[in-house]
Amino acid sequence: MNGETQLGDFLKARRSHLRPEDVGVSTYGERRRVPGLRREELALLAGVSVSYYTRLEQGQSPSASPEVLDALAGALRLDEPERRYLHDLARAGRQRPRGRRLPLERVTEENAQLLDVLGDTPAIVQGRCADVLAWNRLGHALFAGHLDPGAPDRPAERPNLARLVFLDPHTRDLYADWPSKARAVVGNLRLMAGRFPDDAALHALVGELSAKSGEFASMWADHRVKSHLFASYDMKHPLVGLLTVVQQSLGLGRGISLVVATTRAGSPSRTAVALLAQVTAPAESAWTRSRVSTD
């Protein structure tokens, strides 16, 4: 994922999604051969020369200033996460990063305490590549009850949420609107690719998913960037049926985040989560049951 190439691809993709009427550009009824804005139209809106903008799209001018990038972001109607991503790509192009293995991600004692406190709420700690670094019992039960609950403790066997969403039939069936969840996963990986352009593990994950899933390859090529701090999903859980959860993502630093699934108080979904807690609770031992019955 060369920074200069990614910058050019992102600019072209975002330009193609903008219609002339969206930004007040008159077409005078002419027939246009390509979707979106033309290079010269975007250059005019951003206040840069057409030749300079063309070099940016072609990856031949990696030294764009923050002011130019902000002007392009404004012309392209980028939101704040997309604007940060644009700056990250430009920075990566200037630094010419090389793929390298970043240090193994670990859950801190403070993160573990937070998961423990959220015992009645499904929660997962995920890394920059969407690896599950830890989950509480309900997080495992809601999102991946078919997997070994101890897998996150073994780095080589950690479940990966992106792989699960695109390649695992169980996870795909969990979401009533699977494309919405899939786009959120891709959008988050895009953000991580901008923040950690030299992460070899992230490069490998994108390559693997692009090869194994045509849907992922198509969504990745679309260059959509979204920071999904919270999103509502209708889920079809095999144990408790239909429920609606709000998945909220809280940054813990270094690309690590805590994903929490909440439900509305008094709702059937809240009842479903409570039922899930009951049906997945560790079974009492025979010794414990006998003590209770005789006390």
Side-chain angles (χ1 to χ4, degrees), residues 80-81 84-85 88 100-165 168 170-171 174-175 181 184-206 225-233 235 237 243 245-263 269-270 273-274 276-277 280-282:
E80 187 55 33
R84 290 198 304 268
Y85 180 71
D88 286 339
R100 61 187 177 92
R101 287 284 174 182
L102 299 185
L104 182 67
E105 294 174 302
R106 299 182 183 277
V107 174
T108 66
E109 181 180 349
E110 293 78 11
N111 297 159
Q113 291 174 2
L114 183 56
L115 274 181
D116 185 54
V117 169
L118 294 170
D120 295 331
T121 302
I124 289 178
V125 177
Q126 73 168 19
R128 59 183 172 270
C129 294
D131 289 331
V132 177
L133 307 183
W135 47 28
N136 61 13
R137 182 171 61 84
L138 269 180
H140 166 255
L142 178 63
F143 293 110
H146 62 304
L147 300 182
D148 180 359
D153 299 329
R154 301 184 292 272
E157 301 176 30
R158 283 173 174 168
N160 180 275
L161 296 176
R163 287 193 186 95
L164 290 175
V165 166
D168 180 67
H170 173 93
T171 305
L174 273 179
Y175 292 93
K181 178 61 178 177
V185 168
V186 173
N188 184 67
L189 285 180
R190 272 279 175 204
L191 284 175
M192 292 298 105
R195 290 181 59 188
F196 304 97
D198 54 350
D199 186 346
L202 182 54
H203 291 215
L205 176 65
V206 170
V225 178
K226 288 295 179 185
S227 178
H228 289 268
L229 299 179
F230 63 90
S232 179
Y233 295 105
M235 303 184 74
H237 197 278
L243 69 160
V245 302
V246 175
Q247 294 184 19
Q248 303 184 57
S249 181
L250 311 174
L252 301 177
R254 308 181 309 282
I256 297 175
S257 60
L258 174 70
V259 180
V260 179
T262 60
T263 54
S269 297
R270 177 70 61 88
V273 170
L276 183 63
T280 60

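Side-chain contact check for T262 versus Q248: some heavy-atom pair is nearer than 4.5 Å. Residues Q126 and D131 have side chains not in contact (no heavy-atom distance under 4.5 Å, counting atoms from C-beta outward). Contact of the I256 side chain with the V107 side chain is not registered, since no non-hydrogen atoms from C-beta on lie closer than 4.5 Å.
With sequence neighbours excluded, the residues that form a side chain to side chain contact (heavy atoms under 4.5 Å, CB included) with P155 are L104, R158. Checked against side-chain hydrogen bond (donor to acceptor under 3.5 Å, both in side chains), E80 has no partners two or more places apart in sequence or in another chain. Residues satisfying the side chain to side chain contact (heavy atoms under 4.5 Å, CB included) test with D120, not counting sequence neighbours, are none. Partners of R195 by side chain to side chain contact (heavy atoms under 4.5 Å, CB included), not counting sequence neighbours, listed by chain and number: D88, M192. Scanning for side-chain hydrogen bond (donor to acceptor under 3.5 Å, both in side chains) contacts around R137 gives T280, with sequence neighbours left out. In this structure T263 satisfies the side-chain hydrogen bond (donor to acceptor under 3.5 Å, both in side chains) test together with R270, sequence neighbours excluded. Remark: T108 pairs with E110, N111 by the side-chain hydrogen bond (donor to acceptor under 3.5 Å, both in side chains) rule, at least two apart or across chains. Residues forming a ring pair (Phe, Tyr, Trp, His ring centres under 6.0 Å) with F143 (at least two apart in sequence, or on another chain): none. Among residues two or more places apart in sequence or in another chain, the side chain to side chain contact (heavy atoms under 4.5 Å, CB included) test is passed with V117 by none.
Between T121 and N136, the shortest heavy-atom contact is O-ND2, 2.7 Å. Listed here is the closest heavy atom pair of G119 and L138: O-CD1, 3.8 Å. I124 and G139 make their closest contact through CD1-O, 4.3 Å (heavy atoms, listed as atom of the first residue, atom of the second, distance). Between P152 and V132 the shortest heavy-atom distance is CB-O, 3.5 Å. The two residues P81 and L191 make their nearest non-hydrogen contact at O-CD2, 3.8 Å. Residue D199 comes nearest to C129 through the heavy atom pair OD2-SG, 3.7 Å, listed as atom of the first residue, atom of the second, then distance.
The distance from atom NE2 of H140 to atom CG of L147, rounded to the nearest 0.5 Å, is 6.0 Å.
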Assess whether side-chain contact (heavy atoms from CB on, under 4.5 Å) is satisfied between H170 and L164, documenting all intermediate values. CA-CA 8 Å; H170 173 93; L164 290 175; over 6 Å; no

One pair to check against side-chain contact (heavy atoms from CB on, under 4.5 Å): Q247 and F230. What are the steps and the verdict? CA-CA 5 Å; Q247 294 184 19; F230 63 90; over 6 Å; no

Quick one, R163 with T171, criterion side-chain contact (heavy atoms from CB on, under 4.5 Å). Give me CA distance, side-chain angles, the key distance, then yes/no. CA-CA 9 Å; R163 287 193 186 95; T171 305; over 6 Å; no

Assess the residue pair L142 and L243 against the criterion (side-chain contact (heavy atoms from CB on, under 4.5 Å)); give the C-alpha distance rounded to whole Å, side-chain angles, the decisive distance to 0.1 Å, and a yes or no. CA-CA 11 Å; L142 178 63; L243 69 160; 4.2 Å; yes

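No donor-acceptor pair closer than 3.5 Å links the side chain of W135 to the backbone N or O of A141. In terms of modelled atom types and a separation under 3.5 Å, the side chain of D148 and the main chain of G150 share a donor-acceptor contact.
Within the structure, the ring-ring contact (aromatic ring centres under 6.0 Å, His included) test picks out no pair touching residues 113-132 (sequence neighbours left out).
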